[in-house]
Enquirer: 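Quick one: the structure is below, questions incoming.
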Number of protein chains: 8
Amino acid sequence: GDFARLDTGRQRRTGVPEVVFAEGKTPEQTLRLLAELRDRAPETPALATRCPQEVLAAAPDAFPGQPVLVDPVARTVTVGDPPAEHGSVSVLTAGTSDLPVARECVAALSAWGVRTRLLDDVGVAGLPRLLEHLADIRDADCVIVVAGMDGALPSVVTGLVPAPVVGVPTSVGYGFADGGRAAAASMLSSCAPGLTVVNIDNGFGAAAHAAKIVRRMHGG
Amino acid sequence: GDFARLDTGRQRRTGVPEVVFAEGKTPEQTLRLLAELRDRAPETPALATRCPQEVLAAAPDAFPGQPVLVDPVARTVTVGDPPAEHGSVSVLTAGTSDLPVARECVAALSAWGVRTRLLDDVGVAGLPRLLEHLADIRDADCVIVVAGMDGALPSVVTGLVPAPVVGVPTSVGYGFADGGRAAAASMLSSCAPGLTVVNIDNGFGAAAHAAKIVRRMHGG
Amino acid sequence: GDFARLDTGRQRRTGVPEVVFAEGKTPEQTLRLLAELRDRAPETPALATRCPQEVLAAAPDAFPGQPVLVDPVARTVTVGDPPAEHGSVSVLTAGTSDLPVARECVAALSAWGVRTRLLDDVGVAGLPRLLEHLADIRDADCVIVVAGMDGALPSVVTGLVPAPVVGVPTSVGYGFADGGRAAAASMLSSCAPGLTVVNIDNGFGAAAHAAKIVRRMHGG
Amino acid sequence: GDFARLDTGRQRRTGVPEVVFAEGKTPEQTLRLLAELRDRAPETPALATRCPQEVLAAAPDAFPGQPVLVDPVARTVTVGDPPAEHGSVSVLTAGTSDLPVARECVAALSAWGVRTRLLDDVGVAGLPRLLEHLADIRDADCVIVVAGMDGALPSVVTGLVPAPVVGVPTSVGYGFADGGRAAAASMLSSCAPGLTVVNIDNGFGAAAHAAKIVRRMHGG
Amino acid sequence: GDFARLDTGRQRRTGVPEVVFAEGKTPEQTLRLLAELRDRAPETPALATRCPQEVLAAAPDAFPGQPVLVDPVARTVTVGDPPAEHGSVSVLTAGTSDLPVARECVAALSAWGVRTRLLDDVGVAGLPRLLEHLADIRDADCVIVVAGMDGALPSVVTGLVPAPVVGVPTSVGYGFADGGRAAAASMLSSCAPGLTVVNIDNGFGAAAHAAKIVRRMHGG
Amino acid sequence: GDFARLDTGRQRRTGVPEVVFAEGKTPEQTLRLLAELRDRAPETPALATRCPQEVLAAAPDAFPGQPVLVDPVARTVTVGDPPAEHGSVSVLTAGTSDLPVARECVAALSAWGVRTRLLDDVGVAGLPRLLEHLADIRDADCVIVVAGMDGALPSVVTGLVPAPVVGVPTSVGYGFADGGRAAAASMLSSCAPGLTVVNIDNGFGAAAHAAKIVRRMHGG
Amino acid sequence: GDFARLDTGRQRRTGVPEVVFAEGKTPEQTLRLLAELRDRAPETPALATRCPQEVLAAAPDAFPGQPVLVDPVARTVTVGDPPAEHGSVSVLTAGTSDLPVARECVAALSAWGVRTRLLDDVGVAGLPRLLEHLADIRDADCVIVVAGMDGALPSVVTGLVPAPVVGVPTSVGYGFADGGRAAAASMLSSCAPGLTVVNIDNGFGAAAHAAKIVRRMHGG
Amino acid sequence: GDFARLDTGRQRRTGVPEVVFAEGKTPEQTLRLLAELRDRAPETPALATRCPQEVLAAAPDAFPGQPVLVDPVARTVTVGDPPAEHGSVSVLTAGTSDLPVARECVAALSAWGVRTRLLDDVGVAGLPRLLEHLADIRDADCVIVVAGMDGALPSVVTGLVPAPVVGVPTSVGYGFADGGRAAAASMLSSCAPGLTVVNIDNGFGAAAHAAKIVRRMHGG
Ligand SMILES: Nc1ncnc2c1ncn2[C@@H]1O[C@H](COP(=O)(O)O)[C@@H](O)[C@H]1O
Ligand SMILES: Nc1ncnc2c1ncn2[C@@H]1O[C@H](COP(=O)(O)O)[C@@H](O)[C@H]1O
Ligand SMILES: Nc1ncnc2c1ncn2[C@@H]1O[C@H](COP(=O)(O)O)[C@@H](O)[C@H]1O
Ligand SMILES: Nc1ncnc2c1ncn2[C@@H]1O[C@H](COP(=O)(O)O)[C@@H](O)[C@H]1O
Ligand SMILES: [Mg+2]
Ligand SMILES: [Mg+2]
Ligand SMILES: [Mg+2]
Ligand SMILES: [Mg+2]
Ligand SMILES: [Mg+2]
Ligand SMILES: [Mg+2]
Ligand SMILES: [Mg+2]
Ligand SMILES: [Mg+2]
């Protein structure tokens with residue numbers, strides 16, 4: 001686009017492709033950039049994150065003859081068929097309000113052909129819910145744990161599984177939760193070794209890290 | 001003392017007596033205030049917290065003919081015999097470095113005649129350690145959970161026991177732990193309802209709250 | 001609900017039941033979760049907090065044949081009859097703007113069968129208002145003090161009564177009040193021993209702590 | 001001095017004279033500046049604040065033939081006779097640890113000929129101590145209230161007396177007290193109208209404001 | 001009102017009367033409280049600050065037969081005749097956007113019978129504008145300086161005039177101005193002795209302090 | 001130890017063993033815990049991090065008959081032979097002062113048998129230094145980038161290599177660097193997708209994450 | 001204007017003229033001030049920044065017979081012909097969302113007759129984009145680098161070019177980006193010597209600094 | 001050195017040479033790096049900043065046959081003869097405690113052959129001191145203003161002179177001065193257009209910016 005300089009060498013250099021961040025762009029700009037990405041980098045689907053309602057509504061008709069996937073909870077649009085599935089990433093949430101961030105994570109991994117399993121609403125206020133499902137998580141290539149408020153769940157999970165774990169703090173909560181800063185600080189100060197952290201609400205960033213791990217293991 | 005105005009009506013008004021906070025006082029001032037408290041409020045032991053090395057060393061000989069208890073880990077001095085034991089408060093720590101704060105808590109409760117049980121080093125990085133001892137905690141009148149770094153343990157405990165729980169954030173940790181602010185913010189934003197919080201490293205304050213609960217239940 | 005994993009074991013484990021936090025949920029989701037709670041945990045009323053206008057308006061007709069209590073100031077909905085009243089909790093506010101938080105507190109305690117007394121607008125700018133009513137507070141099982149701005153009232157009250165006191169900072173005020181952080185920091189740094197604190201505007205959390213104290217004393 | 005540019009016009013322009021702030025200066029520099037002030041502005045005593053031990057010890061012999069007043073608690077040195085006493089300022093402290101700040105305040109006012117009354121250790125944890133002495137404060141030209149930790153005392157006092165009140169937050173306390181920021185934020189957010197605030201531990205600044213009020217009323 | 005506990009003893013105790021803070025109240029509540037204040041404390045005008053548009057529009061007709069003064073810039077309503085003018089307070093602003101805060105200050109002082117002079121838009125980016133008018137300020141009983149952004153003007157003024165100075169930081173500015181915190185921190189750290197500070201945008205609080213100074217000098 | 005509860009199940013549960021964090025422990029405690037770890041978990045070397053000078057000096061003689069490795073820059077002690085080398089992790093630093101953190105990282109990985117390459121002092125102030133060595137980094141299983149001050153290097157590297165990247169902010173710098181918070185915030189806000197972050201100065205944590213990635217790929 | 005005190009001596013004193021900051025002003029006020037500036041300082045164009053939609057729409061017809069330039073991305077209005085072009089300033093952006101700030105910068109420089117070159121979307125996630133265009137930047141009189149999120153680009157550029165560099169942090173980003181504070185802190189802590197910084201989103205301020213450099217070199 | 005990677009291309013790329021930052025280095029490392037710089041970049045003097053006492057004492061004898069300049073206030077060592085003087089930079093300080101930062105600035109500029117004028121202790125508490133010397137500043141190529149506490153002086157100066165101005169906040173002050181953050185925030189929010197800012201206490205960084213301006217004007 002004449003208002004942007006798409007970094008089409010990114011997939012080759014880093015293993016994950018350029019993606020359209022729709023926040024702060026007009027619907028027209030987002031759709032035009034998706035089309036341009038599709039043209040210039042046809043080997044992976046074109047993905048847009050943080051899409052406003054207009055983009056989610058207009059996308060299905062905007063790419064005639066091409067598969068378009070819209071996730072209104074994640075607020076993502078994917079244009080083009082994803083590569084064959086490979087690897088395995090588990091995505092957990094602490095509460096129901098963390099779901100949109102987890103779904104952005106799943107949408108990006110799916111666009112890049114990475115297999116995901118989502119386990120939601122297993123926060124520490126009701127620990128038995130997590131312990132019941134622990135076996136399902138232990139064999140993942142990477143575990144992503146999404147949590148707001150106290151941000152305690154990623155520390156608990158990192159102490160229980162052998163996979164590399166990425167914590168995603170969310171802006172869920174009020175007062176001292178401070179838009180996700182309390183959750184982030186708790187994760188960054190975790191007593192459980194090996195937990196790494198991405199920005200608040202950045203499901204996309206966690207997905208990119210996980211995809212690089214999976215790609216290194218399984219290629220793709 | 002001529003440099004202080006001891007609040008000897010405090011026990012009658014609030015149920016917990018005036019206590020000497022030794023930080024920022026000379027050893028002489030602390031010992032003189034302990035003696036004055038002993039004189040003017042002989043019905044409970046006189047307690048000093050945050051005592052420097054000199055006070056801990058000098059205390060045993062400073063009150064001839066009176067029982068003196070010194071806890072060098074808690075940095076407390078207790079002069080006088082505590083009342084008969086009553087009630088039951090459990091004190092937990094996440095890591096070994098949280099012990100001084102937990103011991104200050106135990107020292108105050110003991111001086112006031114409240115029975116305590118201390119369970120240490122059961123942080124969430126190794127959750128099985130907590131789950132093994134859960135039964136011992138469930139029947140307490142109040143549970144005090146002392147934790148630094150991520151501050152996750154009090155949320156986990158509050159989701160598992162029926163007793164009122166007080167979280168004590170500690171200044172253990174570095175970087176984002178921020179002198180205990182991360183732990184405190186995590187506890188204050190807890191997804192587990194009913195967790196209340198005191199100031200960072202304030203084992204004494206948690207003890208006072210627990211003592212008021214115990215006193216209301218069992219008198220004393 | 002298929003979008004949530006209700007923690008119906010919570011009352012048994014912790015003494016306070018799962019509650020619907022309506023913030024960030026659609027009205028339909030909140031009403032469906034209230035119905036599900038009512039079905040699966042019929043022994044206590046189902047409670048929803050932080051309800052938007054639509055939920056408050058729709059609730060009375062949504063549960064035919066069941067008692068529904070709506071408090072538009074507290075923004076709570078209670079479905080089902082509360083257990084017989086027991087215990088005694090005093091709830092104080094510093095100013096008239098703190099009322100919604102105090103009423104959320106009262107609504108939760110009432111749903112759980114705990115007797116409450118509300119004393120409002122007795123902040124420290126006009127201290128005689130508090131001193132006049134002090135006798136009414138002294139015999140409570142727990143005192144909850146709700147205050148924004150300077151957050152000074154809980155410290156004053158904790159220095160005057162024998163009951164355990166919980167401070168609830170509110171987001172009332174501007175500038176250095178900082179959305180309740182000034183009040184919270186003042187309470188957490190209180191010179192009055194035994195004051196514990198919950199998150200900003202978290203009347204519900206203070207109610208849960210008080211209910212656990214009352215339950216321990218009086219059962220229920 | 002060749003390393004400083006003394007503002008000897010300050011008394012004429014603003015009513016309070018230039019003063020030596022000894023922090024970060026060598027003892028020699030402080031003593032030389034005191035001498036220079038004495039020479040060039042002989043109409044008021046020369047005052048140095050925040051003096052290290054060496055200056056306090058050396059001062060009495062450093063100005064032969066001149067009256068030298070050293071206050072080791074305030075850490076001030078005053079050289080020269082103060083003008084005749086006039087006006088009346090009350091200085092209160094919440095706790096014994098706030099005393100050095102209050103004494104700096106008193107030392108400055110005394111050097112400038114303002115009459116002071118000091119009432120210490122009357123913090124809100126033991127409110128009866130303040131109420132007993134209220135009558136003594138009501139007729140002051142200005143009331144200065146020095147408090148750390150919760151910073152609640154200045155709000156309580158401002159709600160009870162007709163004099164203009166200045167709050168001085170102190171760095172007394174730990175954790176959320178945050179070096180005096182909690183006390184300052186509480187005072188700045190006070191629900192009691194008319195309370196003004198100076199920097200943390202700045203007893204000198206409060207004295208300067210009070211002196212300007214007194215000077216405007218009584219001249220001098 | 002049944003939803004508020006008016007502190008009608010405040011004028012007698014503190015010299016400034018109770019005032020209605022309209023923020024967070026419905027227009028009906030504000031008008032009812034103004035009427036109640038008028039009834040119960042007829043000796044001074046009843047004042048409401050931070051009034052929304054509806055109150056400003058409805059006020060002139062709401063008090064038949066009584067003088068009503070509305071200032072739409074200050075967002076204040078004054079009902080009743082002010083006492084005879086006395087004293088003299090200068091109010092300065094740094095930029096045009098600081099005007100509403102300065103006008104709130106003037107409205108309160110006028111309601112209480114204190115004479116004011118307003119000098120606006122004399123910020124330090126164009127220092128000659130201040131120097132030209134300095135003579136007008138020097139003889140005031142109190143000078144109030146209102147400034148956002150860098151908050152530099154109060155320090156400059158305090159270094160030039162003998163009157164006691166109160167700084168009012170405003171929320172004017174962006175980025176590091178941080179809603180007025182930069183201006184406030186600059187004023188609180190002022191190198192000019194005697195500057196005291198009130199909360200961000202708190203023109204009313206500065207007026208109360210000035211009124212107490214004036215009242216002490218001139219009675220009233 | 002009687003003062004600690006070693007989590008010897010950690011390696012089995014999470015893939016990385018319990019490690020002794022020497023900060024805040026006496027030299028005796030650290031050496032005793034190393035011995036206990038050695039006894040109870042002989043399959044991997046026992047590691048202590050953040051060791052004070054006394055531990056570094058005493059360690060070589062404290063474990064007779066066992067290989068002891070001391071790194072005085074990293075402040076680590078390793079007792080026992082590491083497993084056979086596998087995998088490949090690159091560790092970069094921005095400046096020479098970041099070296100201790102990078103060396104802690106290398107020491108932990110080496111103890112766990114992971115091969116490392118260290119490339120130091122390649123910060124963005126002199127970008128050509130990084131570009132020259134880029135080829136060496138591209139084929140790593142994981143890249144760890146250690147940087148203080150502006151924290152810009154991890155973003156630059158993440159935009160250039162396909163490996164998963166972990167950023168370690170360090171406390172190097174002053175003023176706005178704020179003990180590593182500026183570097184951390186820059187990394188967490190990175191425009192380069194997939195960068196994850198650990199706590200300030202937490203070389204050990206980054207090593208644990210990398211080890212889990214390597215272990216998942218290569219076993220061990 | 002009667003509501004403002006235009007500083008028409010500013011150009012003479014400082015080399016850059018007074019400018020209308022439209023934020024917080026009514027459209028009428030902004031247009032009237034533009035007209036007044038035009039009248040009283042006809043030697044340079046009159047400029048308004050941060051104009052709301054109404055001003056941008058009304059401006060072209062508001063100054064009949066005069067050249068009016070509106071930039072809707074920059075939100076600026078320029079009335080009058082700029083002086084002849086001189087000097088040379090390069091303006092870079094990290095991402096497409098930083099464009100409005102860069103365009104404000106260009107609009108101001110253009111109004112003052114300074115030649116500019118804009119190079120956008122060359123952030124560090126795709127470093128090759130910058131390296132390709134480096135030669136174009138090296139000979140500028142001043143380079144202005146606009147960046148949000150990680151704020152890394154200005155440090156990289158300062159390490160590569162001989163011109164004085166000014167960094168402009170922007171409020172682009174979320175979570176730890178913190179409204180531009182992360183970018184600003186990264187720039188202020190830069191390891192690249194000579195980078196200076198202006199307030200978040202303050203393209204205008206960077207332009208003023210650059211214009212002063214150009215004016216000193218080339219006059220004008 | 002084997003522990004550092006000197007960036008000897010920096011002068012050619014950016015116009016200012018690599019410099020040794022001695023903080024956090026051993027005296028031996030600093031002296032060795034100075035020697036290495038001298039060898040590999042003989043065209044400019046080698047400079048070390050933030051030198052501890054040992055380096056300042058050892059330097060004169062460490063470079064036999066070479067001119068060595070030690071400034072104990074600036075804590076700098078310069079080895080080698082500076083180029084011929086050119087350009088003109090004014091350096092101002094607000095108070096005497098800001099002198100070390102200003103002297104670091106002067107030392108760097110002198111090493112690079114830039115002529116400087118130092119005007120100290122002209123802070124806004126005594127404005128007449130600045131106004132007296134204004135003429136001396138007006139014709140500089142660049143003005144550097146060093147100020148702690150309120151940070152007001154750079155805003156005042158920027159409103160009075162045509163030269164580009166760089167503000168250097170210092171860590172002088174206490175409480176809200178917050179290690180220089182208050183001064184920095186005030187400067188960054190300045191109402192005086194064109195003021196740019198460097199990190200707290202970073203006299204060296206301001207010198208580098210000024211040197212680049214001078215070099216662009218006068219070559220060198
Ligand atoms: N949800 C997201 N959060 C953070 N970064 C994103 C997200 N989605 C896309 N991005 C990145 O943001 C960049 C787009 O920036 P821009 O030049 O402003 O369009 C892309 O290079 C993406 O890698
Ligand atoms: N007002 C409230 N403040 C804080 N937590 C609440 C509140 N009301 C309900 N909760 C808790 O929030 C949880 C609901 O979280 P969720 O899974 O997001 O619906 C419940 O388990 C409640 O215990
Ligand atoms: N304790 C104090 N706190 C704040 N400012 C002070 C104090 N003592 C003296 N001052 C002021 O600090 C200035 C001295 O600054 P300096 O030029 O660094 O010596 C004088 O103008 C005093 O007005
Ligand atoms: N975009 C901008 N950011 C910061 N300051 C500005 C901007 N545009 C204009 N100004 C300055 O803001 C001042 C206007 O302030 P005021 O008196 O409130 O109109 C002018 O003196 C300008 O120099
Ligand atoms: Mg849930
Ligand atoms: Mg442990
Ligand atoms: Mg009220
Ligand atoms: Mg006391
Ligand atoms: Mg103006
Ligand atoms: Mg280097
Ligand atoms: Mg881009
Ligand atoms: Mg001075």
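Below, read A as the first sequence line, B as the second, and so on, with proteins coming before strands; counting in each chain starts at 1.
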Enquirer: Just wondering, do D:Leu188 and E:Leu188 contact through their side chains at under 4.5 Å, heavy atoms?
Expert: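 Touching, per the 4.5 Å side-chain cut-off.
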
Enquirer: Quick check on E:Phe204 against chain D: is it the side chain, the backbone, both or neither that has a heavy atom closer than 4.5 Å?
Expert: side chain

Enquirer: Taking every heavy-atom pair that is under 4.5 Å apart, which of E:Ala163, E:Ala207, E:Pro162, E:Ala208 has the most such pairs with chain D?
Expert: E:Pro162

Enquirer: Test of understanding: with side chain to side chain contact (heavy atoms under 4.5 Å, CB included), list the residues that count as partners of D:Pro83, not counting sequence neighbours.
Expert: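 D:Pro45.
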
Enquirer: Please tabulate the donor-acceptor pairs under 3.5 angstrom that span chain E and chain D, backbone and side chains included.
Expert:
from     : atom 1 : to       : atom 2 : distance (Å)
E:Arg13  : O      : D:Arg138 : NH1    : 3.2
E:Arg13  : O      : D:Arg138 : NH2    : 3.3
E:Arg13  : NE     : D:Gly159 : O      : 2.8
E:Arg13  : NH2    : D:Gly159 : O      : 3.2
E:Arg138 : NH1    : D:Arg13  : O      : 3.3
E:Arg138 : NH2    : D:Arg13  : O      : 3.3
E:Asp139 : O      : D:Arg216 : NH1    : 3.4
E:Asp139 : O      : D:Arg216 : NH2    : 3.1
E:Ala140 : O      : D:Arg216 : NH1    : 3.4
E:Asp141 : OD1    : D:Arg216 : NE     : 2.9
E:Asp141 : OD1    : D:Arg216 : NH2    : 2.8
E:Gly159 : O      : D:Arg13  : NE     : 2.8
E:Gly159 : O      : D:Arg13  : NH2    : 3.2
E:Val161 : O      : D:Lys212 : NZ     : 3.3
E:Ala163 : O      : D:Lys212 : NZ     : 3.3
E:Gly194 : O      : D:His209 : ND1    : 2.9
E:Thr196 : OG1    : D:Thr196 : OG1    : 3.2
E:Val197 : N      : D:Val197 : O      : 2.8
E:Val197 : O      : D:Val197 : N      : 2.8
E:His209 : ND1    : D:Gly194 : O      : 2.9
E:His209 : NE2    : D:His209 : NE2    : 3.0
E:Lys212 : NZ     : D:Val161 : O      : 3.3
E:Lys212 : NZ     : D:Ala163 : O      : 3.3
E:Arg216 : NE     : D:Asp141 : OD1    : 2.9
E:Arg216 : NH1    : D:Asp139 : O      : 3.4
E:Arg216 : NH1    : D:Ala140 : O      : 3.4
E:Arg216 : NH2    : D:Asp139 : O      : 3.1
E:Arg216 : NH2    : D:Asp141 : OD1    : 2.8

Enquirer: Which bit of E:Ile200 comes within less than 4.5 Å of chain D, counting heavy atoms only: side chain, backbone, both or neither?
Expert: neither

Enquirer: Which answer fits E:Ala108, side chain, backbone, both or neither, if we ask what part of it has an atom under 4.5 Å from a heavy atom of chain D?
Expert: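 Neither part, no heavy atoms under 4.5 Å.
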
Enquirer: Looking at D:Val161, D:Val165, D:Val198, which one has more heavy-atom pairs under 4.5 Å with chain E than the rest?
Expert: D:Val161

Enquirer: Quick one: of E:Leu160, E:Val19, E:Val16, who has the most non-hydrogen atom pairs under 4.5 Å with chain D?
Expert: E:Leu160

